[in-house]
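Please read all numbers here as calculations on a predicted model, not as lab measurements. Ligands are counted one by one from 1 in listed order, and the atoms in each one are counted from 1 as well.
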Amino acid sequence: MGVSICFASGKGGVGKSTIVANLGIALARYKLKTVVVDGNLEGPSLGLIMGIKPNIASLHDVLSGEIGVESAMVKVDGLDVVVGELKVEGLLDINFELFERTIEDLEKKYEIVIVDCPPGLGRDAVVAISSCYEMVLVVTPEITSISEALKTIIIAKKLGTKIIGVIINKAGSKYDIPHERISDILELPILGVLPEDDEIKRALMEGKPVILLKPNSRFSREIEEVAAKLMERIYPYKPIS
Ligand SMILES: Nc1ncnc2c1ncn2[C@@H]1O[C@H](COP(=O)(O)OP(=O)(O)O)[C@@H](O)[C@H]1O
Ligand SMILES: [Mg+2]
């Protein structure tokens, strides 16, 4: 059985999808069977960030019972990706009960299953969080992000999903809440501190994850560090390719 980890946040726009897209590619380089799933059913964006062409089979088709999840796989640089449907009509036939079963299916076939969560505490977020064994919290070093994150922590604890740590994204301003303070407030270890980086906007425009477009950028190197940390935790024996 593989391990499932959801990337969640209280507030939207903190960088979950950007992190999941790039981290997925970094993890797949360890020659682990890795899949990333766009669990943000109302606002999927992994396909856009990864430059995957639209109008392909999606998680929405899986959750409406039309197809099995293996028919919704796309490969990006050695990583399997399950995208979301961009058209709003895709939301009409969703059976939320299939979400957990789909993640269970993937845990049987993959060593790492990463789920990109919607923000907030709505039904879609709760289903995504409760379907995974573990969670990584993503915040920006701002009070608005931290205060919402505290709610996500409470929900994850109630749902029995283990929170393994926090990633601080868009860091580097002199007005950042000190990172150690964030760790203290959330009572979580820091898994990574990712800088605010304009290259991410360029990567989005070009439809190519920044780890492929600019592998030597600080953001890309920090993502590799996070991947190494996660690997150490879950599969300490696997060498990088
Ligand atoms: N480290 C960063 N530096 C600069 N821009 C970033 C960074 N991380 C994310 N972004 C940008 O912030 C916006 C929100 O990121 P996204 O990954 O979609 O967040 P979420 O999935 O949490 O809603 C996007 O425009 C993205 O390109
Ligand atoms: Mg997102």
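Considering backbone and side-chain atoms together, Ser9 places no N or O closer than 3.5 Å to any N or O of ligand 1. Polar contact check, Lys16 against ligand 1: a nitrogen or oxygen pair lies under 3.5 Å apart. Residue Gly15 has at least one nitrogen or oxygen atom sitting less than 3.5 Å from a nitrogen or oxygen atom of ligand 1, judged on distance alone. Ligand 1 has no N or O atom lying under 3.5 Å from any N or O atom of Lys11, backbone or side chain. Between Ser45 and ligand 1, no N or O atom pair is found at a separation short of 3.5 Å.
For the residue pair Glu142/Thr144, the side-chain donor-acceptor check at 3.5 Å is not satisfied. Side-chain polar atoms of Thr140 and Asn169 form no donor-acceptor pair below 3.5 angstrom.
Taking a 6.0 Å sphere around CZ of Arg218, one finds it holds 12 or fewer heavy atoms contributed by other residues, nucleotides or ligands.
Regarding atom 3 (N) of ligand 1, its nearest protein heavy-atom neighbour is Asp197 N, 2.8 Å. Nearest protein heavy-atom contact of atom 12 (O) of ligand 1 is Lys170 NZ, 2.9 Å. Scanning the protein for heavy atoms near atom 18 (O) of ligand 1, the closest one is Ser17 CB, 4.2 Å. What sits closest to atom 25 (O) of ligand 1 on the protein, heavy atoms only, is Leu204 CD2, 4.2 Å. Annotation: atom 23 (O) of ligand 1 to nearest protein heavy atom, Gly13 N, 2.8 Å.
Residue Val14 places a heavy atom under 4.0 Å from ligand 1.
The residues Lys151 and Glu148 are annotated as salt-bridged, a charged nitrogen and a carboxylate oxygen being separated by less than 4.0 angstrom. Residues Lys109 and Glu70 are paired through a salt bridge, judged by an N-O separation under 4.0 Å between the basic side chain and the carboxylate. Using a 4.0 Å cut-off between charged nitrogen and carboxylate oxygen, Glu224 and Lys229 do not count as a salt-bridge pair. Classification of Arg202 and Glu206 as a salt-bridged pair holds, one side-chain N sitting under 4.0 Å from a carboxylate O.
Set against the non-hydrogen atoms of Pro195, the atoms of ligand 1 under 4.0 Å away are 1 (N), 2 (C), 3 (N). Each of the atoms 1 (N) of ligand 1 lies under 4.0 Å from some heavy atom of Phe219. Remark: ligand 1 atoms within the under-4.0 Å shell around heavy atoms of Ile200 are 1 (N), 2 (C), 3 (N), 6 (C), 7 (C), 10 (N), 27 (O). Numbered from 1 in the order shown, with element, the atoms of ligand 1 that lie under 4.0 Å from a heavy atom of Asn169 read 1 (N), 2 (C), 7 (C), 8 (N), 9 (C). Which parts of ligand 1 touch Thr18 is read off a 4.0 Å heavy-atom cut-off, strictly below it: atoms 9 (C), 15 (O), 16 (P), 17 (O), 26 (C). Each of the atoms 5 (N) of ligand 1 lies under 4.0 Å from some heavy atom of Lys201.
A cation-pi arrangement, defined by a distance under 6.0 Å to the six-membered ring centre and an angle within 45 degrees of its axis, is absent between Lys16 and Phe7.
At a threshold of 2.8 Å, the Mg ion (ligand 2) has no backbone or side-chain N, O or S atom of Thr18 nearer than that distance.
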**Request:** Could you please spell out the steps behind the side chain to side chain donor-acceptor pair (under 3.5 Å) verdict for Glu199 and Ser217?
**Result:** CA-CA 8 Å; Glu199 288 297 339; Ser217 64; over 6 Å; no
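Between Gly47 and Val83, the shortest heavy-atom contact is CA-CG1, 3.8 Å. Here the closest heavy-atom approach between residue Leu91 and residue Leu41 is recorded as CD2-O, 3.5 Å.
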